[in-house]
Amino acid sequence: MDRPARPLLVSELRVRNTAYDVSLSRSLFTWKRRAPSPVYHPFRPSVCHSVPVSEIISVREEEQDSHRPNDDDDGSWKKIREGEGKDCRQAFTVSYVERCRQHRWRCAEVTFTCPDRSLCQNWVSSVREQLATFTSRPKCLLVYINPHGGKRQGKRIYQQKVAPLFAQASIITHVIVTEHANHARDHLRTCTELKLVDGVVCVGGDGMFSEIVHGLVWRTQLDGGIDLNCPDEELSPCSLRIGIIPAGSTDCICFATVGTNDPVTSALHIIVGDSQPMDVCSVHHNNTFLRYSISLLGYGFYGDVLTDSERKRWMGPARYELSGLKMFLTHHYYEGTVSYLPAKGIVGTPRDAARCRTNCVVCQHNGQKMSERAMKYEPDETSECEDDGEWRTIRGKFLAINAASMSCACPRSPKGLSPAAHLADGTTDLILVRKCSRFSFLRHLLRHTNKDDQFDLNFVEVHRVVRFRFAPRHCQSDSDLELDLPESSKRQIFSQICRDHPACGCAPAYSSWNCDGEILTHTAIDVRVHCRLIKLFARGIEEAQMFEELGNPCSV
């Protein structure tokens, strides 16, 4: 059993005229109300609060001068206030993280009154000295704000909720308001001041975060002399951490890494210097780099929904619901071949009860194993055998092919597409939904919002993989990969009953890939997982017990 940390400073201070025993160690800041006399309060419990020093935001000295003259003093006799005429007492205020319901954090404050100025200054300097030992805390940040994302509230959210917290924590910020698409990505590629900042913060949605990732990863590989067009290259991890201030439509990545889409919570995670590694998938076509994927790669249903919703951007977020309903009724399926390399020697499966949480043991175990391996794969693409070495091949008709590198949870789907997916284990969950009836497909979709096992259906299979490839059935050459649908298909709203007969031309031959909300222009792709390529200012979703014990004042 670990011994309690030795106190660095202990004093009797007052909080609102109540005496408290206050102590500071290297790990904890504690204040406990002094026990009253048992004669008068035999059953009154003492109140104790403990805060990890790592979650103290700031400390400041307060002036409490009782001798300050009153501006409207007219010289008449007034009742002398209690304490007036005594020596001036000094006070200091400690701002710290307080946990609320639904994984939210807020900034709480407590003010302590000291009997003299020297003791007050001693406390302030001691707390600041301990905060200075946390080298993971950022001192300078580069902030990109997307003023058009979501409900166009990015600037207001940052100025009113985030900027005051950064100023309170003495964080220097360089703010850039983006003016067009890929502004942040292009700026990161050419920025000469990246070595002077401790992290990059994006104020926006998942699209803005994707811009930041593409800019940072591209810059890191360029500096390391790595060829991005080679899918077998081992990519170098980015040194700068990325912070997300949610201000988009869904903010899936923020929800899956913090547990809430609250800007204040995200800002506090940045201030305390949290670090959460994340896997990134690289997507290639014929040895040509296309994009990086952080959360979801979806072909078929999710690709069609995105393609259709792009034509309805004037509707705002409601376009996703309409396009989803339309594609569900259309019920297109697509033929193709999926080849995948299953993850070997890891713990956990896509259907187990383990969820990725703070200090996830699955991520630690699997991530370490993946990092130790130098994975260089050169499979024979012309092989027609069903199991060529470690690679496995599946051919069929699919309603959806999804690759989830995280749970993809969001407020509308609290479980996500793959509830047991992990953030930093070097794998992605490949979900194959074969052709089935509309009713059966609806059952699968509804299970994203309830507690049922969404993979416990005979037309759904899921595999934990480190790499996979997909080729559509009719893919004969590079030109065939372009999504050029017949005009008759474009004009149709719902597929006809004769969709099983390709000769009639009522069903499209190809879908498109939805890569984190962006449409890929090629259908045949090669996807590889890069373990822990980036880091976020986050710590993963904390266990529910941390928030359920809020009623216990002595809990940390």
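Just so you know, these numbers use all the heavy atoms, side chains as well, and skip hydrogens, waters and symmetry mates. Because the structure is a prediction, the values reported are computed rather than measured.
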Carboxylate-amine/guanidinium contact E55 R539, below 4.0 Å: yes
Please name all residues satisfying salt bridge (Lys or Arg N to Asp or Glu O under 4.0 Å) with [X], sequence neighbours left out, ordered by chain then number.
| X | value |
| --- | --- |
| D516 | none |
| E109 | R60 |
| E129 | none |
| D206 | none |

Full working for side chain to side chain donor-acceptor pair (under 3.5 Å) between E62 and T111: CA-CA 8 Å; E62 305 281 0; T111 300; 5.1 Å; no
Pick out which of V201, D198, L188 makes a side chain to side chain contact (heavy atoms under 4.5 Å, CB included) with L142. L188
Count the heavy atoms belonging to other residues, nucleotides or ligands that lie under 6.0 Å from CD1 of I176, then report whether that count exceeds 12. yes
Is atom NZ of K535 surrounded by more than 12 heavy atoms (other residues, nucleotides or ligands) closer than 6.0 Å? no
Show me the pairs that pass ring pair (Phe, Tyr, Trp, His ring centres under 6.0 Å) and involve residues 131-179, at least two apart or across chains. Y144-H187
Residue pairs, two or more places apart or on separate chains, that pass ring pair (Phe, Tyr, Trp, His ring centres under 6.0 Å) and touch residues 198-224: H214-Y292
Output, in order, the C-alpha distance, side-chain angles, deciding distance and verdict of side chain to side chain donor-acceptor pair (under 3.5 Å) for H103 and T265. CA-CA 8 Å; H103 298 281; T265 301; over 6 Å; no
Correct closest heavy-atom pair for N402 and G298 would be OD1-CA, 3.5 Å
Heavy-atom pair of closest approach, residues V466 and G426: CG1-O, 3.7 Å
Are any of the side-chain heavy atoms of [X] and [Y] separated by less than 4.5 Å?
| X | Y | value |
| --- | --- | --- |
| M278 | S405 | no |
| L8 | R26 | yes |
| C408 | S413 | no |
| H49 | Y96 | no |
| K415 | H448 | no |
| C140 | L196 | no |
| M370 | D279 | no |
| S11 | F112 | no |

Can you tell me if [X] uses its side chain to pair, donor with acceptor, with the backbone of [Y] under 3.5 Å?
| X | Y | result |
| --- | --- | --- |
| R137 | S54 | yes |
| S266 | I244 | yes |
| D429 | R464 | no |
| Q90 | C120 | no |
| E233 | L228 | no |
| S407 | S418 | no |

Can you tell me how far [atom2] of [Y] sits from [atom1] of [X], rounded to the nearest 0.5 angstrom?
| X | Y | atom1 | atom2 | answer |
| --- | --- | --- | --- | --- |
| S236 | Q221 | OG | CD | 5.0 Å |
| C360 | R355 | SG | CZ | 11.5 Å |
| S23 | L13 | OG | CG | 10.5 Å |
| I431 | L297 | CD1 | CG | 11.5 Å |
| M208 | R185 | CE | CZ | 12.0 Å |
| I212 | L536 | CD1 | CG | 11.5 Å |

Quick one: list whatever passes side chain to side chain contact (heavy atoms under 4.5 Å, CB included) with [X], sequence neighbours left out.
| X | answer |
| --- | --- |
| C238 | L216, V217, T220, I534 |
| E12 | A19, D21, R34 |
| D186 | N182 |

Who are the ring pair (Phe, Tyr, Trp, His ring centres under 6.0 Å) partners of Y302, not counting sequence neighbours? none
For H183, check ring pair (Phe, Tyr, Trp, His ring centres under 6.0 Å) against everything at least two apart and list the hits. H180
Side chain to side chain donor-acceptor pair (under 3.5 Å) for S210 and R291? Distances and angles first, verdict last. CA-CA 10 Å; S210 181; R291 285 189 67 86; 3.0 Å; yes
Give the ring-plane orientation class for F29 versus W123, where under 30° counts as parallel, over 60° as perpendicular and anything between as tilted. perpendicular
One pair to check against side-chain contact (heavy atoms from CB on, under 4.5 Å): N366 and T427. What are the steps and the verdict? CA-CA 9 Å; N366 296 347; T427 69; 5.6 Å; no
Applying salt bridge (Lys or Arg N to Asp or Glu O under 4.0 Å) as the test, list every pair that has at least one member in residues 237-262; sequence neighbours left out. R104-D262
From CA spacing to verdict: salt bridge (Lys or Arg N to Asp or Glu O under 4.0 Å), E234, R528: CA-CA 10 Å; E234 292 287 341; R528 180 181 177 184; 2.5 Å; yes
Please assess I57 against V97 for the test side-chain contact (heavy atoms from CB on, under 4.5 Å), listing each intermediate value before the final yes or no. CA-CA 7 Å; I57 300 170; V97 171; 4.3 Å; yes
